[in-house]
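To start, the structure itself, in structure tokens.
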Amino acid sequence: MAKQSGGDGGGGGGDGAFEVAKVSNLNCIDLSSSDLHQSVALLKQACLDCGFFYVINHGISREFMEEVFEQSRRFFDLPAAEKMKLLRNEKHRGYTPLLDELLDPGNQLHGDYKEGYYIGVEVPEDDPEAQKPFYGPNVWPASEILPGWRETMEKYHQKALEVAKSVARIIALALDLEIDFFDKPEMLGKSIATLRLLHYGGEVSDPSQGLYGAGAHSDYGLITLLATDDVLGLQICKDKDANPCVWEYVAPVKGAFIVNLGDMLERWSNCIFKSTLHRVLGNGQQRYSIAYFVEPSHDCLVECLPSCKSDDNPPKFPPIKCGTYLSQRYSDTHTDLNTYRAGQT
């Protein structure tokens with residue numbers, strides 16, 4: 001199937017209270033299809049149009065996805081004091097409380113009405129690689145409190161990375177690169193892949209008052225895979241330069257990933273493929289989603305791709321190392337950890 005009406009949604013701009021937003025039609029990429037040419041064409045059209053698309057038949061069973069969502073709910077159902085024992089650390093591992101993240105400071109009254117949990121690439125503390133900003137040991141709930149939780153999340157982390165690599169191969173072809181361009185060790189061979197469980201607690205968003213489930217933002221990295229429950233909430237703005245922004249809902253599709261491009265791919269492609277503004281509006285229902293952020297290795301130099309520059313279209317961004325870029329973006333949008341420490345003294 002080529003098109004599907006479909007998100008995890010959101011928005012910028014000081015638009016009024018709940019406007020009636022239409023549901024976006026997004027291309028659908030079938031990873032089981034033998035017609036690679038069609039998959040590349042559909043993905044390229046999506047990347048040029050809005051930077052969002054669905055991925056189906058990706059190899060992760062619905063039964064396992066339901067297990068991951070159930071384990072996520074079990075964590076967020078814990079008492080607040082238990083969750084705060086697992087507060088995120090400097091490596092961005094662990095629990096992020098309500099209002100911790102401020103994605104759209106120009107329009108938000110305060111932080112996002114969501115809580116989350118970060119799980120990254122597991123690297124032992126005594127491994128030299130653990131010195132890098134986004135590598136190191138994860139923070140895990142005790143097995144007696146949440147039995148099987150760690151094993152489920154580690155399995156999902158591994159499976160989602162394989163899906164991301166499959167999508168990246170189609171993106172490479174859409175950018176006139178070799179199919180294995182993103183498979184190189186300095187790219188997704190040693191990726192910074194971060195799983196984030198998200199829970200929106202049932203607050204009602206009101207953009208006119210600066211209240212959002214998640215403020216308008218574009219993602220930082222290469223691509224994001226998003227799995228959602230069946231509660232509508234995600235919105236996208238296909239033209240982030242529009243004023244005012246025009247928001248469309250992205251409908252959840254059972255068993256599908258919603259995939260979006262990040263700012264790093266926009267830099268890499270010299271703005272041929274653009275990252276897309278998105279936000280989440282709460283409607284009074286609890287909502288759960290699972291985001292999987294995929295970036296290249298810490299030392300990967302993100303610079304304009306050869307196929308994306310010419311004399312008429314020179315590089316728009318200077319080269320930058322992935323680790324440096326991500327560290328700054330995370331710092332810009334998350335509450336200083338010292339705020340929480342001060343509250344514990």
Side-chain angles (χ1 to χ4, degrees), residues 2-29 40-55 102-108 112 167 170-171 174-175 205-208 210 212-226 228 232-253 257-281 291 293 304-305 308-309 312-317 329 332-333:
K3 283 264 188 185
Q4 188 108 31
S5 286
D8 217 76
D15 43 3
F18 259 108
E19 75 275 25
V20 177
K22 73 173 186 177
V23 176
S24 189
N25 287 323
L26 301 180
N27 280 6
C28 190
I29 315 300
V40 172
L42 285 170
L43 182 143
K44 187 168 187 175
Q45 182 190 43
C47 292
L48 293 171
D49 176 37
C50 66
F52 268 75
F53 51 92
Y54 295 106
V55 165
L102 183 64
L103 292 167
D104 186 12
N107 290 301
Q108 284 183 261
D112 293 350
V167 174
I170 303 175
I171 290 174
L175 287 168
S205 296
D206 184 350
S208 70
Y212 298 88
H217 65 287
S218 52
D219 290 347
Y220 317 146
L222 183 65
I223 58 172
T224 302
L225 309 180
L226 182 73
T228 74
L232 200 65
L234 175 65
Q235 293 184 331
I236 62 173
C237 173
K238 291 183 177 180
D239 181 4
K240 59 187 173 187
D241 296 322
N243 188 17
C245 289
V246 178
W247 295 99
E248 300 178 10
Y249 278 107
V250 178
V253 172
F257 280 116
I258 300 162
V259 181
N260 65 280
L261 311 183
D263 297 339
M264 200 174 295
L265 187 56
E266 180 172 304
R267 289 179 73 109
W268 238 328
S269 69
N270 211 23
C271 295
I272 292 174
F273 287 176
K274 292 192 175 182
S275 59
T276 304
L277 270 182
H278 52 286
R279 68 185 185 182
V280 177
L281 296 187
F293 304 104
C304 185
L305 297 166
C308 299
K309 60 184 177 181
D312 295 330
N313 187 28
K316 296 176 174 64
F317 305 97
R329 294 297 300 272
D332 288 345
T333 55

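Nearest heavy-atom pair, Pro252 versus Thr228, reported as atom, atom and distance to 0.1 Å: CB-OG1, 3.3 Å. Across every non-hydrogen atom of Leu281 and Pro207, the tightest pair is CD2-CG, 4.0 Å. Of all heavy-atom pairs spanning Asp112 and Gly213, the tightest one is CB-O, 3.1 Å. Nearest approach of Ser218 to His278, heavy atoms of both residues: CA-CE1, 4.0 Å. Minimum heavy-atom separation, Ala174 to Leu43: CB-CD2, 3.9 Å.
In this structure, the side chains of Cys47 and Phe53 come closer than 4.5 Å at one or more pairs of heavy atoms. Looking only at side-chain heavy atoms (C-beta outward), Ile29 and Val167 stay at 4.5 Å or farther from each other. Between Leu261 and Ile171 there is a side-chain heavy-atom pair separated by less than 4.5 Å.
Residues satisfying the salt bridge (charged side-chain N to carboxylate O under 4.0 Å, His left out) criterion with Lys274, sequence neighbours excluded, are absent altogether. Residues passing the ring-ring contact (aromatic ring centres under 6.0 Å, His included) test with Tyr220, sequence neighbours excluded: Tyr330. Applying the salt bridge (charged side-chain N to carboxylate O under 4.0 Å, His left out) test to Arg267 and every residue at least two apart in sequence or in another chain returns nothing.
A donor-acceptor contact shorter than 3.5 Å is absent between the side chain of His217 and the backbone of Leu277. Judged purely by atom type and a 3.5 angstrom limit, Asn270 uses its side chain to pair as donor or acceptor with the backbone of Asn313. When atom types are taken as modelled, the side chain of Lys240 and the backbone of Ser275 share a donor-acceptor pair closer than 3.5 angstrom. Looking at Asp239, its side chain does come within 3.5 Å of a backbone N or O of Asp241 through a donor-acceptor pair. The closest donor-acceptor contact from the side chain of Gln45 to the backbone of Asn27 lies at 3.5 Å or more, if one exists at all.
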For this session: Would you sort out whether Asn260 and Thr276 count as a side chain to side chain donor-acceptor pair (under 3.5 Å), showing the intermediate values?
Result: CA-CA 7 Å; Asn260 65 280; Thr276 304; over 6 Å; no
For this session: Kindly determine whether Leu225 and Val55 satisfy side-chain contact (heavy atoms from CB on, under 4.5 Å), including the steps that lead there.
Result: CA-CA 9 Å; Leu225 309 180; Val55 165; 5.8 Å; no
Exercise. When you look at Phe52 and Val259, which way does the side-chain contact (heavy atoms from CB on, under 4.5 Å) test go after all the steps?
Worked result: CA-CA 6 Å; Phe52 268 75; Val259 181; over 6 Å; no
Exercise. Stepwise, does the side-chain contact (heavy atoms from CB on, under 4.5 Å) test hold for Ile236 with Leu26?
Worked result: CA-CA 11 Å; Ile236 62 173; Leu26 301 180; 4.2 Å; yes
Exercise. Passes side-chain contact (heavy atoms from CB on, under 4.5 Å), Gln108 versus Leu102? Steps please.
Worked result: CA-CA 8 Å; Gln108 284 183 261; Leu102 183 64; 3.7 Å; yes
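Ion pairing between a basic and an acidic side chain is recognised when a charged N comes within 4.0 Å of a carboxylate O; Lys316 and Glu266 show no such pairing.
Atom CD in Gln235 sits 4.5 Å away from atom OH in Tyr249 (nearest 0.5 Å). Between the CG atom in Leu175 and the CZ atom in Phe273 there is a gap of 4.0 Å [rounded to 0.5 Å]. Distance CZ/Arg329 to CG/Asp263: 4.5 Å, rounded to 0.5 Å. In this structure, the separation between SG on Cys237 and CH2 on Trp247 is 5.0 Å, given to the nearest 0.5 Å.
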